[in-house]
2 protein chains.
Amino acid sequence: MASTPAQPVPARAHEPETWALRALSTASAEASGALARRMRMHPTDVSAMSHIAASDGRLGPRELSGRLGITPAAMTDVVDRLEAAGHLQRRRDTTDRRRVCLVPTESAVSEVRGQLRRLLDRLDALTEEFTPAERDAIQRYLAAATEAYHGFTTEDD
Amino acid sequence: MASTPAQPVPARAHEPETWALRALSTASAEASGALARRMRMHPTDVSAMSHIAASDGRLGPRELSGRLGITPAAMTDVVDRLEAAGHLQRRRDTTDRRRVCLVPTESAVSEVRGQLRRLLDRLDALTEEFTPAERDAIQRYLAAATEAYHGFTTEDD
DNA sequence: TCCATATGTTTAGGTCACTTAACTATATGG
DNA sequence: CCATATAGTTAAGTGACCTAAACATATGGA
């Protein structure tokens, strides 16, 4: 079943939060895989549809390929798959006829939103158990952790 | 640069922590990619080495393929690559000669540990900014969030 | 003891999501 | 109006995965 990462338990000598973050990363990666499986789509295609469904309808293949970290050529394949599956339509941009707008279909938007909501509702529910002061600390911690990961990513070797 | 996920900003109507978790997931996925790139290895191979480096030296291909969510046949390819790169050795188990033990080389262990430490140290450092009570809340939240992701993953459709 | 069955690993062959490079079409500034 | 840049696609190739089958070893019961 597991379709993604799965990290080993780190070898002691780190903070409990650090272990917890690694477990969290693994769990969230597995959830992404589960989401894709449930929608019977490739993980890349789900990511693409998430962006498209949240866009203003003017998102094009080039911009999207950059966001997903794949080449424009690969993006053509992704869009081909999504269009064939009836999840979106290509529409020529009227003002710049080089551009293509990726317009999600009604059904695709509601399916993406619906499936995502199952996850996001679960996450929303977590906050009920915490006081406002605790929630403030949690939010600060999550932001700092995100920044720490980002710092590691952009760290020069 | 971006080699992984990258989620869109969710469309409102959710808790700040929920948005923060999605940003965190994206950031951690990108960090995993950066880790692999820095070690000049495939993401799968890095995951494999993480498990092997943290093992008791008796970890075999079948068990590891299960942990990584790939088939045993694919695992053979992974082990071939890692062995060719000098990161591990295959050793026949003496008590059950069907089994192969994946023994990491000295250099591989120190490289994996060294690179991982750069990340884990960053994460450890985060905790300094919080009080013990806040840290307790953070730890509870992280555990609950992990469980929420896991619940979503195993949710029957 | 010997065989049926189960388990760990590898081999063989195929698939498909990606890559790079080249091509078409459109935009734009000098 | 042409040189150059940009959006998108096509073409050809690569490699990390898959399924299926083979092989080696273990194990429990007749």
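Below, chains carry the letters A, B, ... as their sequence lines are ordered, and counting in each starts from 1.
Across all strands, A:Arg97 comes closer than 4.0 Å only to sugar-phosphate atoms, never to a base (heavy-atom distances). If you check every strand for non-hydrogen atoms under 4.0 Å, A:Arg92 touches nothing. Here B:Arg99 lies in heavy-atom contact (under 4.0 Å) with sugar-phosphate atoms only.
As a whole-Å value, the separation of B:Asp96 CG from D:dC23 P is 20 Å. The distance from atom CG of A:Leu64 to atom P of D:dA7 is 13 Å, rounded to the nearest whole Å. Distance NE2 (A:His42) to P (C:dT15): 15 Å, rounded to an integer number of Å. Whole-Å rounding puts the B:Asp45 CG to D:dC17 P distance at 7 Å. Counting to the nearest Å, the C1' atom of C:dA17 and the CD1 atom of B:Ile70 are 17 Å from each other. Between the P atom of D:dA7 and the CD atom of A:Glu63 lies a distance of 10 Å, rounded to the nearest Å. The separation between B:Met41 atom CE and D:dG15 atom C1' is 16 Å, rounded to whole Å. Rounded to whole angstrom, the span from the CZ atom of A:Arg90 across to the C1' atom of D:dG8 amounts to 9 Å.
Between A:Arg140 and B:Glu129, none of the side-chain N atoms (NZ, or NE/NH1/NH2) sits under 4.0 Å from a carboxylate O, so this pair counts as no salt bridge. Of the charged side-chain nitrogens involved, at least one lies within less than 4.0 Å of a carboxylate oxygen, so that B:Asp80 and B:Arg90 count as a salt-bridged pair.
Checked against ring pair (Phe, Tyr, Trp, His ring centres under 6.0 Å), B:Tyr149 has no partners two or more places apart in sequence or in another chain.
Contact check, B:Arg81 against D:dC17: a side-chain N or O comes under 4.0 Å of OP1 or OP2. Checking the phosphate oxygens (OP1, OP2) of C:dC18, no side-chain nitrogen or oxygen of A:Thr71 falls inside 4.0 Å.
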- Task: In sequence, state the C-alpha distance, the side-chain angles, and the governing distance for B:Leu21 and A:Leu24, and then conclude on side chain to side chain contact (heavy atoms under 4.5 Å, CB included).
- Result: CA-CA 9 Å; B:Leu21 275 180; A:Leu24 179 65; 3.9 Å; yes
When you compare the protein's N or O atoms with those of nucleotides 10-13 of chain D, which come within less than 3.5 Å of each other, and at what distance?
none

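Residue-to-nucleotide contacts include no donor-acceptor pair under 3.5 Å from the side chain of B:Arg98 to the base of C:dT9.
Each of B:Val100 and A:Thr95 has a nearest nucleotide on DNA chain C; the 5'-most of these lies closest to B:Val100.
When the shell of 6.0 Å around CD of B:Gln89 is examined, it contains 12 or fewer heavy atoms from other residues, nucleotides or ligands.
In terms of heavy-atom proximity, A:Arg62 sits nearest to A:Pro72 at NH2-CG, 4.0 Å.
Side-chain atoms of B:Arg81 do not come within 3.5 Å of backbone N or O of B:His42 as any donor-acceptor pair.
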